[in-house]
Amino acid sequence: MKQIVVIGGGPAGVEAAVAAAQGNAQVTLISEGPIGGRTGWDSLLPSKVWLHAAEVAGVAAHAAAEGVAISAAQVEAPAVLNRIKQVASQWSEREAQRLHAAGVKVIHGVAAFSGPHEVVVRNDASQQVLAADAVIIATGSVPRFPPAMKPDGQRIIAPRFASHLSTLPPDIIVIGGGPTGSEFASLFSRLGVKVTWLVGAPGVLPMFDPAVGQALAAAMAAQGVTIHQVDVERAERVEDSVVVTTADGATHTAAMAFLAIGRVPDLSRLNLAAAGLHVGANGQLAIDNYGRTEAGHIFAVGDAAGGPMLANRALAQAWIAGRIAADLPAPGYCPHTVVSAVYTVPEVAQVGIVSGGEGELQRVRAPYTASLKAYLGDDTEGWVELVYDTATRQIRGGLAVGAHAADLLAPVALAIQTGATIADLAAVFAAYPTLSEAVFAAARAAR
């Protein structure tokens, strides 16, 4: 029986282990902390609980879009922190049950290679060596902080402090124009905190189509967020406030600062050299479409394999790597079917190829008002755009800005996966009334 070791107890590690256990393999998962990893306990899940708390407290998309003032008192921070602990525990238990049901053995400790086919696991009580025919690295990522911008956990915070944010400041400076910075700038604004958003020279969501970033920036500005498109040089605590200095020499002062300036793969403790692996100049391991590194029997998935650092990308790569490691069939990873979503107000999402050579791609857009549901929920400020090949008319990508934008792009991702054309989508009529009607209305508007 094949021996497969998965390093990492987050979503990617669990997915890889469960997938591998479907083959003729004995799978062992090594988790440094509780099952769920940083995603479940420190970053993604806590932030989404905060976002959900704001939503259920009445801070809905239409209220923010209309500039309705929202009081921070509507969301009690201690209650949110308790909810984070509750949800994180429930999710961790659910993931642990998945592993148990699949027959995966779980060991807690810190893993490192001692040879190409050996992994040493150390914890406070013991040390053991595991022999492995295949190893899947799913160790996630850690935040990157320049020397002049480091969190102190009190006035200068980062995403991992979302599960400890016991009080909300009157004002805050959010540093970073990527998905995490965007979500927290939107969240703090909805909670009644005065937000200054320093997005960096590339602007808001530079990894998205320009139309998406521009739409979000305009909506956030309309909600009262002050946006500066400039790089940040340093952030320092000065008594009961934080002073942030930007590249143009300007300074910005607030009660707190929030750093969302990037992450890097967490590979430093793995002793990769013992396995014959070397990290590239970009800080990443080179992998193929199945997650295999140059070692062949060693895989890297999710954040451990570099960007884009998306949870659904990590799960897709992990499922593929787990099956391949267990000698089960699996398709190669296709980045074009992974929906990138940012849970701001308005929500924004993108999938596939949205830009190309002149004349190669066509675009067609439909407003949310193509759906009766938009009027029922007062979600009329939104749009969906389809991108398709001029010659073959196959769907290549999609964009959405508005309520439930990420959900709307699911059929677009499937269309890309199956090679569907704009005519194929045009022939589909979604349930009436639903916001998803806008996707198919856009296809029918194509010439």
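Since this is a predicted model, take the numbers as computed values, not measurements. Scope of the values below: all heavy atoms of this structure, side chains included, with no hydrogens, waters or symmetry mates.
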Taking distance alone, no hydrogens or angles, what donor-acceptor pairs closer than 3.5 Å link side-chain atoms of residues 148-157 to residues at least two apart or in another chain?
{"residue": "Asp152", "atom": "OD1", "partner": "Gln154", "partner atom": "N", "Å": "2.8"}
{"residue": "Asp152", "atom": "OD1", "partner": "Arg155", "partner atom": "N", "Å": "2.9"}
{"residue": "Asp152", "atom": "OD1", "partner": "Ile156", "partner atom": "N", "Å": "2.9"}
{"residue": "Asp152", "atom": "OD2", "partner": "Arg237", "partner atom": "NH1", "Å": "3.4"}
{"residue": "Gln154", "atom": "OE1", "partner": "Arg237", "partner atom": "NH1", "Å": "2.7"}
{"residue": "Arg155", "atom": "NH1", "partner": "Asp240", "partner atom": "O", "Å": "3.2"}
{"residue": "Arg155", "atom": "NH1", "partner": "Ala255", "partner atom": "O", "Å": "3.0"}

- Task: Walk me through it: do Asp266 and Arg263 pass the test salt bridge (Lys or Arg N to Asp or Glu O under 4.0 Å)?
- Result: CA-CA 9 Å; Asp266 185 10; Arg263 302 180 68 86; over 6 Å; no
Are the side chain of [X] and the backbone of [Y] linked by a donor-acceptor contact shorter than 3.5 Å?
X	Y	answer
Gln128	Val121	no
His108	Glu32	no
Ser189	Ser186	no
Glu437	Thr434	yes
His297	Pro116	yes
Ser92	Ala88	no
Asp231	Ala201	yes
Gln350	Val212	no
Ser241	Val238	yes
Arg190	Ala54	no

Closest non-hydrogen atom pair between [X] and [Y], with its separation:
X	Y	result
Tyr290	Ala330	CE2-O, 3.5 Å
Ala305	Ala300	CB-O, 3.8 Å
Ala341	Ala406	CB-CB, 3.5 Å
Ala111	Val119	CB-CG1, 3.8 Å
Arg313	Gly302	NH1-O, 3.1 Å
Leu205	Gly213	CB-CA, 4.4 Å

- Message: Just so I know, are the side chains of Trp91 and Ile35 near enough to count as touching, which here means a heavy-atom distance under 4.5 Å?
- Response: no
- Query: Hey, does Glu118 have a side-chain heavy atom less than 4.5 Å from the side chain of Val120?
  - Reply: no
- Message: Classify the ring geometry of Phe188 against Phe258: parallel below 30°, tilted from 30° to 60°, perpendicular beyond 60°.
- Response: perpendicular
- Item | Residue from Val387, Val339, Ile395 passing side-chain contact (heavy atoms from CB on, under 4.5 Å) with Val412 | Ile395
- Note on the structure: Only one of Leu99, Ile136, Ile107, Ile4 passes side-chain contact (heavy atoms from CB on, under 4.5 Å) with Leu29, and that residue is Leu99
- What's the verdict on side chain to side chain contact (heavy atoms under 4.5 Å, CB included) for Tyr333 and Val338, showing C-alpha distance, side-chain angles and the deciding distance? CA-CA 10 Å; Tyr333 169 68; Val338 174; 3.5 Å; yes
Using 0.5 Å steps for rounding, measure from the [atom1] atom of [X] to the [atom2] atom of [Y].
X	Y	atom1	atom2	value
Arg83	Gln90	CZ	CD	6.0 Å
Ile30	Arg122	CD1	CZ	11.5 Å
Ser163	Trp50	OG	CH2	10.5 Å
Leu216	Ile227	CG	CD1	7.5 Å

- Item | Side chains of Arg94 and Gln97, donor plus acceptor under 3.5 Å | no
- Report the C-alpha distance between Ile287 and Phe299 in whole Å, list the side-chain angles of each, state the deciding distance to 0.1 Å, and finish with yes or no for side chain to side chain contact (heavy atoms under 4.5 Å, CB included). CA-CA 7 Å; Ile287 60 171; Phe299 300 73; over 6 Å; no
- Message: Show me the pairs that pass side chain to side chain donor-acceptor pair (under 3.5 Å) and involve residues 207-217, at least two apart or across chains.
- Response: Asp209-Arg363
- Task: Go through Asp303 and Arg38 one step at a time and tell me if the salt bridge (Lys or Arg N to Asp or Glu O under 4.0 Å) criterion holds.
- Result: CA-CA 11 Å; Asp303 288 9; Arg38 299 185 190 93; over 6 Å; no
- Show your working on side chain to side chain contact (heavy atoms under 4.5 Å, CB included) between Leu165 and Met256 and close with a plain yes or no. CA-CA 11 Å; Leu165 189 61; Met256 293 180 69; 4.0 Å; yes
